[in-house]
Amino acid sequence: MVVAIDGPAGAGKSTVARELARKLGFRYLDTGAMYRAAALAAERAAGRTPAQAAREATIELTDDRVLLNGEDVTELLRRPETAEAASRIATDPELRAVLVEKQRQLLAQGDWVAEGRDVGTVVAPGADVKVFLVADALERARRRAFELGRDVDAVLREQELRDRRDAERPHSPLRAADGAVVIDTTALSIGEVVERIAALVERAR
Ligand code: C5P
């Protein structure tokens with residue numbers, strides 16, 4: 001079974017998806033972490049296109065760590081400059097094809113909660129449950145700023161740029177998949193969002 005959770009930055013995808021996976025006993029796939037790892041791989045592989053760098057790299061995801069060619073890069077991937085680089089290379093169709101292929105291979109076996117921007121639309125359009133999380137832009141920036149210990153205004157400005165890139169790119173733009181249930185998390189707790197999605201999973205079983 002695959003539960004696809006998509007939405008813009010800061011809508012609560014990662015926390016909700018991780019929590020839901022634990023509750024259901026499913027595995028958790030953070031596709032954004034793969035774009036961040038690919039951005040780092042591209043930065044380190046001078047002269048290579050992002051797609052080449054991603055194809056040659058080994059990206060391993062465990063529950064809470066990301067390994068790039070065996071090196072634990074979890075902390076490095078949280079940096080704002082890596083988020084920005086990931087957002088930029090995510091507009092490259094060739095790079096997307098490499099990562100989508102890796103994601104589909106993972107999702108082919110077992111039960112998964114997978115989160116990102118295009119899981120329900122491109123990676124797993126046949127997902128059993130599709131959810132699109134949204135929230136107020138300022139509330140999203142507040143959550144991210146709190147999480148990262150940063151200034152809300154700076155986070156809001158970066159978020160607007162990344163949102164726009166995700167929504168306006170010609171290839172796999174961010175949008176709710178056909179059949180996705182849209183949940184506005186602005187005024188909901190993490191637990192409430194998890195409960196709602198868990199109820200959708202029960203119904204789909
Ligand atoms: O979710 P996260 O902020 O870690 O993702 C980093 C960037 O990767 C996003 O800003 C987005 O542009 C891109 N991304 C994507 N498709 C996905 C996941 C992430 O384009 N499925």
Side-chain angles (χ1 to χ4, degrees), residues 1-37 60-66 74-75 77-78 83 86 99-100 103-104 106-150 152 155-156 159 162-163 166-167 172 174-205:
M1 185 169 201
V2 174
V3 180
I5 303 182
D6 293 299
K13 297 185 303 285
S14 297
T15 319
V16 164
R18 207 176 257 129
E19 183 70 31
L20 180 71
R22 191 165 45 214
K23 185 180 165 84
L24 299 171
F26 288 14
R27 294 178 69 195
Y28 162 63
L29 177 62
D30 176 359
T31 62
M34 295 179 77
Y35 284 86
R36 288 171 188 249
E60 291 165 274
L61 306 176
T62 66
D63 273 353
D64 57 355
R65 313 306 297 173
V66 184
T74 316
E75 305 307 324
L77 299 190
R78 295 206 176 106
L99 295 188
V100 166
Q103 291 154 13
R104 285 186 180 149
L106 289 170
L107 298 182
Q109 280 176 31
D111 296 318
W112 291 88
V113 178
E115 58 119 327
R117 305 292 191 290
D118 63 343
V119 180
T121 51
V122 177
V123 179
D128 306 85
V129 175
K130 297 183 198 176
V131 175
F132 195 73
L133 294 185
V134 295
D136 229 46
L138 184 57
E139 175 59 22
R140 291 191 283 118
R142 278 203 199 102
R143 291 175 187 169
R144 303 282 298 162
F146 178 73
E147 215 174 81
L148 300 168
R150 297 186 59 220
V152 178
V155 172
L156 184 60
Q159 178 182 281
R162 287 171 58 198
D163 281 356
D166 283 342
S172 311
L174 173 68
R175 60 170 182 83
D178 290 338
V181 176
V182 179
I183 301 178
D184 187 333
T185 71
T186 309
L188 298 176
S189 69
I190 290 154
E192 285 169 326
V193 181
V194 171
E195 281 310 318
R196 286 194 194 187
I197 305 175
L200 296 173
V201 172
E202 268 320 303
R203 224 179 297 156
R205 267 178 168 164

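Keep in mind it's a predicted model, so treat the numbers as computed, not measured. Heavy atoms only: backbone and side chains are in, while hydrogens, waters and symmetry mates are out. When a residue number appears, it is its place in the shown sequence, counting from 1.
Closest approach of Leu29 to Leu61, counting heavy atoms only: CD1-CD1, 3.5 Å. Of all the heavy atoms in Val119 and Ala4, the pair that sits closest is CG1-CB, 3.5 Å. Contact detail for Asp163 and Pro8: the closest heavy-atom pair is OD1-CB, 3.8 Å. Taking both residues in full, the closest heavy atoms of Asp6 and Lys13 are given as C-CD, 3.6 Å, listed atom of the first, atom of the second, then distance. The two residues Val129 and Ala204 come nearest to each other via the heavy atoms CG2-CB, 3.7 Å. Nearest heavy-atom pair across Trp112 and Leu106 is NE1-O, 3.1 Å.
To the nearest 0.5 Å, the span separating CZ on Arg196 from CG on Leu133 amounts to 11.0 Å. Distance CZ/Arg22 to CD/Glu19: 4.5 Å, rounded to 0.5 Å. Here Arg27 contributes atom CZ and Thr62 contributes atom OG1; the two are 10.0 Å apart, rounded to the nearest 0.5 Å. Taken from OG in Ser14 to CG in Asp64, the straight-line distance is 12.5 Å, to the nearest 0.5 Å. Rounded to the nearest 0.5 angstrom, Asp30 CG and Ile5 CD1 are separated by 11.0 Å.
Within 6.0 Å of the CD atom in Gln109, the count of heavy atoms belonging to other residues, nucleotides or ligands does not exceed 12. By the neighbour-count criterion of 12 heavy atoms within 6.0 Å, atom CZ of Arg18 is densely surrounded, having more than that number from other residues, nucleotides or ligands.
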Kindly determine whether Val201 and Met1 satisfy side-chain contact (heavy atoms from CB on, under 4.5 Å), including the steps that lead there. CA-CA 9 Å; Val201 172; Met1 185 169 201; 3.8 Å; yes
Would you check, one step at a time, whether the test salt bridge (charged side-chain N to carboxylate O under 4.0 Å, His left out) holds for Glu139 with Arg144? CA-CA 9 Å; Glu139 175 59 22; Arg144 303 282 298 162; over 6 Å; no
Pair Val152, Leu138 - check side-chain contact (heavy atoms from CB on, under 4.5 Å), show working. CA-CA 8 Å; Val152 178; Leu138 184 57; 4.2 Å; yes
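Residue pairs meeting the salt bridge (Lys or Arg N to Asp or Glu O under 4.0 Å) criterion with at least one partner in residues 108-119, sequence neighbours excluded, are Arg96-Asp118, Arg117-Asp166.
Salt-bridge check for Glu147 with Arg142: failed, with every basic side-chain N at 4.0 Å or more from each acidic carboxylate O.
Partner Thr15 forms a side chain to side chain contact (heavy atoms under 4.5 Å, CB included) with one of Ile190, Leu20, Val193 and no other, that one being Ile190. A side chain to side chain contact (heavy atoms under 4.5 Å, CB included) with Phe132 is found for exactly one of Thr121, Leu174, Val181, namely Leu174.
A donor-acceptor pair under 3.5 Å is formed between the side chain of Thr185 and the backbone N or O of Ala11. Side chain of Arg104 to main chain of Val123: a donor-acceptor pair is present (N/O by atom type, distance under 3.5 Å, no hydrogens or angles).
Residues Leu99 and Thr31 have side chains not in contact (no heavy-atom distance under 4.5 Å, counting atoms from C-beta outward).
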